Chemist: 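I have a structure I would like to understand better, so I am pasting it below and will then ask my questions one at a time.
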Amino acid sequence: MSRGPLPGAPAGSRTPRASVRRSVRRTLRRCRRPLSVLLLVPSLLFTGACVSQPSDHTDKPSDNINAPLPRKSRSDALEWAKRYTSTMAHYAEVTVADGPGPFTDFEACVGKNDEVADDGRFSLTYTVYAHLPREQHIAAVRKLRAALKGHGVDVSDYTEEAEAHKVTLYGKHSAEKFLIIADTVKPPDTLRLSVSTSCFLPPDAKQQQF
């Protein structure tokens with residue numbers, strides 16, 4: 001069933017969800033080349049401490065198509081994503097709005113050779129929005145970028161359009177491999193904050209072999 005445009009959709013997109021998916025795929029292509037804000041523990045979230053890791057290990061990615069996947073339940077992944085986007089908002093010094101969103105998108109993992117398993121493996125994209133004057137967007141994302149760089153996130157793309165008061169940031173955590181987006185979207189005065197996890201296998205599932 002098709003959906004019409006929803007508030008918060010960037011120009012030229014059908015829905016915020018579709019825009020996030022396209023943004024994540026663009027970021028993945030770049031990266032494949034070599035409260036309630038938790039005011040007391042934001043640095044733990046950004047450093048990948050055990051209270052907030054999106055995965056249960058930090059091993060380097062393997063070329064082995066059957067390498068063991070990190071395990072996490074959907075509910076645990078969602079709770080982590082909520083905490084992480086709240087912490088992003090804290091560092092940007094913005095307040096997460098009640099709408100549009102938040103949007104939760106679980107998707108089946110697709111391998112680098114387009115393989116799809118039947119073992120329940122998944123990735124999650126979680127998106128929230130903040131309302132603030134567009135003139136403040138660049139300053140807010142600059143603050144977020146400074147925090148991300150100090151806590152294991154490689155900023156793969158960052159652009160500012162000073163006259164239009166627009167900003168775009170794409171990042172990837174160097175150890176945990178989750179993706180981050182912070183950018184100016186429509187309607188006016190809307191800032192998007194999004195995080196996408198790597199591929200997880202449910203705790204009790206048997207990993208399918210290819």
Side-chain angles (χ1 to χ4, degrees), residues 3 5-34 37 42 45-46 48 54 80-105 107 123-198:
R3 297 183 178 91
L6 293 175
S13 67
R14 292 175 63 100
T15 68
R17 289 184 178 89
S19 173
V20 170
R21 291 192 188 100
R22 285 196 296 271
S23 299
V24 168
R25 290 185 184 117
R26 286 197 299 268
T27 306
L28 276 169
R29 287 196 292 270
R30 291 187 184 96
C31 294
R32 280 174 181 165
R33 297 178 180 270
V37 175
L45 285 172
F46 276 5
W80 174 84
K82 289 178 178 179
R83 292 196 301 269
Y84 202 92
T85 50
S86 292
T87 304
M88 290 172 65
H90 165 66
Y91 278 111
E93 298 182 10
V94 300
T95 301
V96 173
D98 293 331
F103 294 120
T104 301
D105 287 298
E107 293 187 319
S123 62
L124 165 66
T125 295
Y126 184 77
T127 306
V128 299
Y129 297 85
H131 299 309
L132 72 159
R134 180 169 290 194
E135 291 78 10
Q136 299 177 21
H137 284 200
I138 291 176
V141 177
R142 282 178 179 174
K143 295 171 188 174
L144 174 60
R145 180 180 61 164
L148 293 173
K149 284 185 173 181
H151 294 90
V153 174
D154 297 324
V155 175
S156 58
D157 188 14
Y158 181 80
T159 58
E160 295 181 359
E161 299 179 43
E163 292 185 2
H165 304 291
K166 295 172 62 177
V167 61
T168 301
L169 179 152
Y170 294 126
K172 182 177 182 179
H173 194 277
S174 56
E176 296 296 338
K177 309 306 179 188
F178 57 85
L179 305 176
I180 290 170
I181 298 173
D183 61 350
T184 301
V185 296
K186 289 186 177 182
D189 303 330
T190 303
L191 184 69
R192 173 174 58 179
L193 302 173
S194 180
V195 62
S196 296
T197 70
S198 58

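Quick caveat, the model's predicted, so the values are computed rather than measured.
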Chemist: I'd like to know whether the aromatic ring centres of Phe178 and Tyr84 sit less than 6.0 Å apart in this structure.
Modeler: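 They qualify: ring centres under 6.0 Å apart.
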Chemist: Going through the checks in order, is the side-chain contact (heavy atoms from CB on, under 4.5 Å) test met by Asp189 and Leu132?
Modeler: CA-CA 5 Å; Asp189 303 330; Leu132 72 159; over 6 Å; no
Chemist: With no hydrogens and no angle check, is any side-chain donor or acceptor of His90 less than 3.5 Å from a backbone partner on Ser86?
Modeler: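 Flag not set: sc His90 to bb Ser86 has no pair under 3.5 Å.
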Chemist: Once rounded to the nearest 0.5 Å, what's the spacing between atom CD of Glu107 and atom OG1 of Thr197?
Modeler: 10.0 Å
Chemist: For Glu160, is there an ion pair with Lys166 - N to carboxylate O distance below 4.0 angstrom?
Modeler: no
Chemist: Hey, could you give me the OG/CG distance between Ser196 and Leu179, rounded to the nearest 0.5 Å?
Modeler: 5.5 Å
Chemist: Please examine the side chains of Ile180 and Met88, heavy atoms only from C-beta on, and report whether any two atoms are closer than 4.5 Å.
Modeler: yes
Chemist: What pair of heavy atoms forms the shortest contact from Lys177 to Lys172, and how long is it?
Modeler: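 Looking at all heavy atoms of both residues, the shortest contact is CD-CE, 3.7 Å.
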Chemist: Grab the two heavy atoms, one from Pro100 and one from Tyr129, that are nearest each other, plus how far apart they are.
Modeler: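 Looking at all heavy atoms of both residues, the shortest contact is O-CD1, 3.2 Å.
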Chemist: For Arg134, what residues pass the side-chain hydrogen bond (donor to acceptor under 3.5 Å, both in side chains) criterion, not counting sequence neighbours?
Modeler: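 Partners of Arg134 by the side-chain hydrogen bond (donor to acceptor under 3.5 Å, both in side chains) criterion come out as none, since no residue qualifies.
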Chemist: Go through Trp80 and Val195 one step at a time and tell me if the side-chain contact (heavy atoms from CB on, under 4.5 Å) criterion holds.
Modeler: CA-CA 10 Å; Trp80 174 84; Val195 62; 3.6 Å; yes
Chemist: Which pair of non-hydrogen atoms, one from Arg145 and one from Leu169, has the smallest distance, and what is that distance?
Modeler: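 Closest heavy-atom pair between Arg145 and Leu169: CB-CD1, 3.6 Å.
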Chemist: Roughly how far apart are Tyr170 OH and Thr168 OG1, rounded to 0.5 Å?
Modeler: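 Reported to 0.5 Å precision, the distance equals 6.0 Å.
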Chemist: Quick check: closest heavy atoms across Ala81 and Leu124, and the distance to 0.1 Å?
Modeler: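 Heavy atoms only, the tightest pair is CB-CD2, 3.9 Å.
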Chemist: What is the distance from atom OH of Tyr158 to atom NZ of Lys149, rounded to the nearest 0.5 Å?
Modeler: 9.0 Å
Chemist: Between Thr125 and Ser194, does a side-chain contact (heavy atoms from CB on, under 4.5 Å) hold up when you go through it step by step?
Modeler: CA-CA 7 Å; Thr125 295; Ser194 180; 3.6 Å; yes
Chemist: Which atom names give the shortest non-hydrogen contact between Thr95 and Ala130, and what distance separates them?
Modeler: O-CB, 3.3 Å
Chemist: Nearest 0.5 Å please: distance from the CG atom of Leu193 over to the CD1 atom of Ile181.
Modeler: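 Separation between the atoms: 10.5 Å.
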Chemist: For the atom pair CG (Leu191) and CD1 (Ile138), what is the distance rounded to the nearest 0.5 Å?
Modeler: 11.0 Å
Chemist: Can a donor-acceptor pair be found, under 3.5 Å and without considering hydrogens, that links the side chain of His131 to the backbone of Gly99?
Modeler: yes
Chemist: Among residues at least two apart in sequence or on other chains, which ones pass salt bridge (charged side-chain N to carboxylate O under 4.0 Å, His left out) with Lys143?
Modeler: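 Only Glu93 meet the salt bridge (charged side-chain N to carboxylate O under 4.0 Å, His left out) criterion with Lys143.
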Chemist: Please assess Asp183 against Arg192 for the test salt bridge (charged side-chain N to carboxylate O under 4.0 Å, His left out), listing each intermediate value before the final yes or no.
Modeler: CA-CA 5 Å; Asp183 61 350; Arg192 173 174 58 179; 2.5 Å; yes
